[in-house]
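Residue numbers start from 1 in every chain, and the chains themselves are labelled A, B, ... in the order their sequence lines are given, proteins ahead of strands. Atoms considered below: every heavy atom in the structure, side chains included; atoms not considered: hydrogens, waters and symmetry mates.
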Amino acid sequence: MNPRVFKGARDFLPEQMLHRERITSVMRSVFKKYGFAPLETPAIEYLDTLTGKYGEDADRLIYRLDYKIGSKDAAALHYDLTVPFSRVMAMNPHLAIPFKRYQIQPVWRADRPQPHQGRFREFTQCDCDVMGTKSMVVDAELIAITYEVLKVLGFENFLIKINNRKILNGLTQYAGLTAEFTGEICRSIDKLDKAPWEEVEKELEEKNIPKTAIEKIKALLLGKNLSIENLRIAFANIPLALEGLDELTEIFKLLEIFEIDSKNYTFDLSLARGLDYYTGPIFETKLPLHPHIGSLTGGGRYDELIGLISGKEMPAAGISLGLDRIYTAMEQLNMLSDIKTSTKVLIANFSSETYVPSLQLLHQLRAIGIPTEFFPEQAKMKKQFSYADKLSIPYVLILGEEELKMGKISLKEMKSGDQILIEINDIEKEISK
RNA sequence: GACAUUGUAGCUCAGUUGGUUAGAGCAUCGGUUUGUGGUUCCGAGGGUCGUGGGUUCGAGACCCAUCAUUGUCCCCA
């Protein structure tokens, strides 16, 4: 048998896991700061919980299990974390509303993997959702969380695009079309960040959208002053679109209060997002300088999804931060150091005479909180130093016979190669320099 | 699903119009006389050239098929 990893899935070696853990720990601390509490749901769900929520295209990407196919108990791996969370809400009416949860788990999509773009079949989503309120404060907070996490991780040139499904529905009406065209139109104009208008226009023509409608859309999208205020005039007779514009105005006001740098977010009428369940504001983060990397985060308001599952209405909004996208971006932007272990000090295994004192030293260092390891084999010094070097362990401590006689220890700083003889009690001071 | 790309050592690749026993760098392991890595020097292991068939005296190179890979599109985190 040939050992291989499932296509689109990956092993994460320690040097990758250390970074992934750091990224998720930044997220966890920001999520908690905004008042979110953790939740976990099963990797596996009944198929009927998942189907019919995302739209036709996405439904085909659900990983169905070869188990009780065709029956009510057919199962699948979850496609995202939003729908399982909505199921939890439908099943637990006793929870205090508004309910704010975060959830960090892998999800599966039967997609064609494209690693360079950060696209996989198994990947980790880091979600924050709020159920039970229509307040735009929540939507603004979700954007603030996205901003804060990316900032703390060291991203500078990211852009959170903001739009509203209500405005997009209004756009269809504005063009003189019925609501059923909204999806097709959105999918086409969504490409405007990558493709020129001519291509989008061609696509719209192929979808049999009337010329007059295309012209109206073009005039609006390519118009010089594509601001919320100007859209208000264009959409003056479309109440739903006006409602969407009001919501965005409110969000932008809140983002200012939260001191989100305005260079990191923008209103983008061409942002559509593929999932069917969004009903209001929608968000997506891209790196404008690296357009080939897919969106780092995405989210929006889905006021009708819970109703779809439980029959009881409950407004909701959420975001998903893509751990793998963020990791891929950081990797390609050289934002990751080459750390391979958390160990700060390696104590060399010198001889049988120094065995016990070395282990006492090991215990002593761990007791004061210094991540320390002892080389378990009595190998040649060369081998032990080369181990420290490979793992980029910053310090090696040698407690050999000579040091033992003097009652001191040798401390070598690996990067510079400098080695000094110090008192045991001075270790903490020396390595924190 | 559509179009394109590439399959030679663990990795990155070379391999000249087909011609002995298929090479390099990196990585791995060992040695460099035994208390010091990352830098020197020496050495070793590791490939049925994706798979199956065909052309030929002869195929890693050419032809067909097949599988896989990678990229773009679609869609998304």
Categorize Ile398(A) for me: base, sugar-phosphate, or nothing, with a 4.0 angstrom heavy-atom threshold over every strand shown. base
Regarding the side chain of Arg325(A), the nearest nucleotide among U32(B), G30(B), A77(B) is A77(B)
Touch class at under 4.0 angstrom, heavy-atom based, for Lys383(A) against every strand present: sugar-phosphate
Counting side-chain heavy atoms from C-beta on, which of U69(B), G37(B), G35(B) comes nearest to Glu403(A)? G35(B)
With a 4.0 Å cutoff (strictly under), does any side-chain N or O of Gln117(A) reach OP1 or OP2 of A77(B)? no
Shortest side-chain distance from Arg119(A), nucleotide among G71(B), C75(B), A77(B): C75(B)
Residue whose closest nucleotide on RNA chain B lies nearer the 5' end, Met381(A) versus Ser188(A): Met381(A)
Are Lys7(A) and A68(B) close enough that a side-chain N or O sits under 4.0 Å from OP1 or OP2? no
Evaluate side-chain hydrogen bond (donor to acceptor under 3.5 Å, both in side chains) for Glu148(A) paired with Tyr34(A), printing each intermediate quantity in order. CA-CA 11 Å; Glu148(A) 192 164 334; Tyr34(A) 281 75; 2.9 Å; yes
Closest approach to the side chain of Gln125(A), judged atom by atom: which nucleotide of A77(B), G35(B), U72(B) is it? A77(B)
Distance between P atoms of U8(B) and A14(B) (Å, rounded): 10 Å
Whole-Å distance between G71(B) C1' and His292(A) NE2? 12 Å
Distance-only donor-acceptor test, Asp389(A) side-chain atoms vs G37(B) base atoms, 3.5 Å: yes
Regarding Gln114(A), tell me which of base, sugar-phosphate or nothing describes its non-hydrogen contacts under 4.0 Å with the strands shown. base
Under 6.0 Å between ring centres: does that hold for Tyr265(A) and Tyr147(A)? no
Paired to A2(B) by Watson-Crick or G-U wobble criteria (both distances under 3.5 Å) is U72(B)
Within the structure, does a side-chain N or O atom of Lys390(A) lie under 4.0 Å from either OP1 or OP2 of A27(B)? no
Lys412(A) side chain, from C-beta outward: closest of G31(B), A77(B), U36(B): U36(B)
Ionic contact status for Arg20(A) with Asp324(A), cut-off 4.0 Å: yes
Lys412(A) to Phe385(A), cation-pi by 6.0 Å centre distance and 45° axis angle: yes
State the pairing partner of C26(B); accept Watson-Crick or G-U wobble contacts with both distances under 3.5 Å, and report none otherwise. G10(B)
Quick one: look up who G52(B) pairs with, Watson-Crick or G-U, both distances under 3.5 Å, and put none if it's unpaired. C64(B)
Testing A2(B), G37(B), A77(B) for proximity to the side chain of Arg112(A), the answer is A2(B)
Round to the nearest Å and state the distance from Arg273(A) atom CZ to C75(B) atom P. 13 Å
Lys408(A)/Glu402(A) salt bridge by N-O under 4.0 Å criterion: no
